[in-house]
Amino acid sequence: MEKGMISVDRWSEGSQVYFLTHLHADHTNGLSPTWKRGPLFCSSVTAKLFPFKFPGFNLSLLSVLDVTHWHSLSLISPSSGLETTVQVMAIDAHHCPGAVMYLFRGEFGCMLYTGDFRWETTSKRAQIGRTTLLNALKNEKLDILYLDNTYCNPLYSFPSREVAAKQVVNIISSHPEHDIIIGIDSLGKEDLLLYISRLLNMKIWVWPERLQIMHLLGFHDIFTTKTSLTRVRAVPRYSFSVDTLEGLNTLHPTIGIMPSGIPWAVKTAKPNDNLFGSSISRHNRSSWSTNVAMKKPNENLKIVERYHQYIYSVPYSDHSCFPEIQEFVKLLQPTNMKGIVSKSPSYVDPLYYFGYLCAANQPSKRLCHKLEGEEVGERVEAVHVKRNRGSRNSTDAESKRRRATQVDFLGVRVNRVSLLRRLRCGAKIVDIDCTE
DNA sequence: GCGATCAGCT
DNA sequence: CACAGCTGATCGC
């Protein structure tokens, strides 16, 4: 295999330059303070947060890319061995602070790696993104689109974050005597918290490390670590559970709000089930419930009852929902397309739904010639593939067998989808034989 | 002992 | 199911 040129959100050896879309952990797997494989490009906000996440990292390796401007890099062509120019543009991805997409052009053609992104066609920011992309692509064809396919399934349709944020504010203001906890991660959902703070004119509690991040992001007066100053607290999602809520309610009436594209606990119930017969109105439930068969109905029922006693699931998502992904693909009409998320809720290759929008039947021969002739088979395969359950209980022999499958995959189409499922995000995107 | 990786959980 | 990501166990150096 010839050496590659460019890796995005992928940190193994063999590339000349590396790009980071944003600082969520599933995109930094393999990065560490001791990493030193080459120049690492990212946005200015990501660069600002970077030392916090990777203290001791050699910052001379970091290069900041301004958004919406072309930057030229001089690299060695993997095919000819000669110097070649690659141009790259970072574009706001509207995901979490610092998140960008990368648009590349060079001898390999034109390609876009979205990273995680949200494409709200109603928002001002997305309109700017739309103009930027169209201007950048102007007379050029997008040869390959690496797409955030997290919610690439028609099951997933949710409102804009502005609408969802209003739902959150409604929930809080309809519980004037309650304490509120909101489950968030170490980065992301800041806009939601700012919105709450502005509309309800209150500070928001965050844990100390999160306050440091808020300060790095330039938010100095809105957040606090003093519990006495506010009844609204943003807490780490991993500490947000039914048990936590039940514990808190022994001290003071408290409700939880979970902003998420996946209302997991809701999904075990039907919209008209008695589970929702509570006197508290559930703003979001009607459009949310999907019916999923239950293995142990009674057991799950209890969990759901406990859940709905205290927790609101609000469809506030930093990923694009299905109709938005569709809009995005329609706009760009790439020649080829590849999902970057393998562990999505209902993984399906984006070509299954959007192949008709692009010229996927005539994949660019400059790129990924191996993909040619596989796309139709892959699309069919994608819907029939069974979820890989029970990996936690699998034996050593089973996991060895799976590893063997991964090796075989490089030349065998039929295993392609099941492998993609397990792969992490990230790609070595310019690699002559395109096997990653 | 340290970092990388994985299992388990939410 | 699992957005993103923590904790704790284990492995290899």
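Heavy atoms only: backbone and side chains are in, while hydrogens, waters and symmetry mates are out. The chains referred to below are lettered A, B, ... by the order of the sequence lines, with proteins before strands, and numbering in each begins at 1.
Rounded to whole Å, atom P of B:dT5 lies 15 Å from atom CG of A:D26. Remark: P of C:dG5 and CD1 of A:I184 are 11 Å apart, rounded to the nearest angstrom. Nucleotide C:dA2 holds its P atom 13 Å from the NE2 atom of A:H319, rounded to whole Å. Rounded to an integer number of Å, the gap from A:E209 CD to C:dC6 C1' is 12 Å. As rounded to whole Å, 11 Å separates atom C1' of C:dG5 from atom CH2 of A:W207. What separates CE of A:M258 from P of C:dC3 is a distance of 13 Å, to the nearest Å. Rounding to whole angstrom units, CH2 of residue A:W11 and C1' of B:dG3 are separated by 18 Å. As rounded to whole Å, 13 Å separates atom C1' of C:dC3 from atom CD1 of A:I340.
For A:Y238, the side-chain atoms get nearest to C:dC6 when compared with the rest of C:dC6, C:dA4, B:dT10. Listed nucleotides B:dA4, C:dG5, C:dC3 differ in distance to A:D185; the shortest reach to its side chain belongs to C:dG5. Closest contact between the side chain of A:S32 and the listed nucleotides B:dT10, C:dC3, B:dA4 involves B:dA4.
By the 30° and 60° cut-offs, the orientation of the rings of A:H22 relative to A:H24 is perpendicular.
Using a 4.0 Å cut-off, some side-chain N or O of A:S186 falls inside it from OP1 or OP2 of C:dG5. Within the structure, every side-chain polar atom (N or O) of A:H24 is placed at least 4.0 Å from both OP1 and OP2 of C:dC3. A sub-4.0 Å separation between OP1 or OP2 of B:dC9 and a side-chain N or O of A:S239 is absent. For C:dA2, the OP1/OP2 oxygens have no side-chain nitrogen or oxygen of A:S260 closer than 4.0 Å.
Residue contacts shown for A:H95 are limited to sugar-phosphate atoms, with no base heavy atom under 4.0 Å away. Residue A:S317 is classed as having no contact, given no heavy-atom separation below 4.0 Å to the nucleic acid.
Salt-bridge annotation for A:D148 and A:R118: absent, with no side-chain N of the basic residue lying under 4.0 Å from a carboxylate O of the acidic one. Between A:R161 and A:D191, none of the side-chain N atoms (NZ, or NE/NH1/NH2) sits under 4.0 Å from a carboxylate O, so this pair counts as no salt bridge.
Using a distance-only test at 3.5 Å, with no hydrogens or angles considered, no donor-acceptor pair links the side chain of A:S160 to the main chain of A:E120. A side-chain donor-acceptor contact under 3.5 Å links A:N249 to the backbone of A:T254.
Judged by atom type and distance alone, A:R237 reaches the base of C:dC3 through a side-chain donor-acceptor pair under 3.5 Å.
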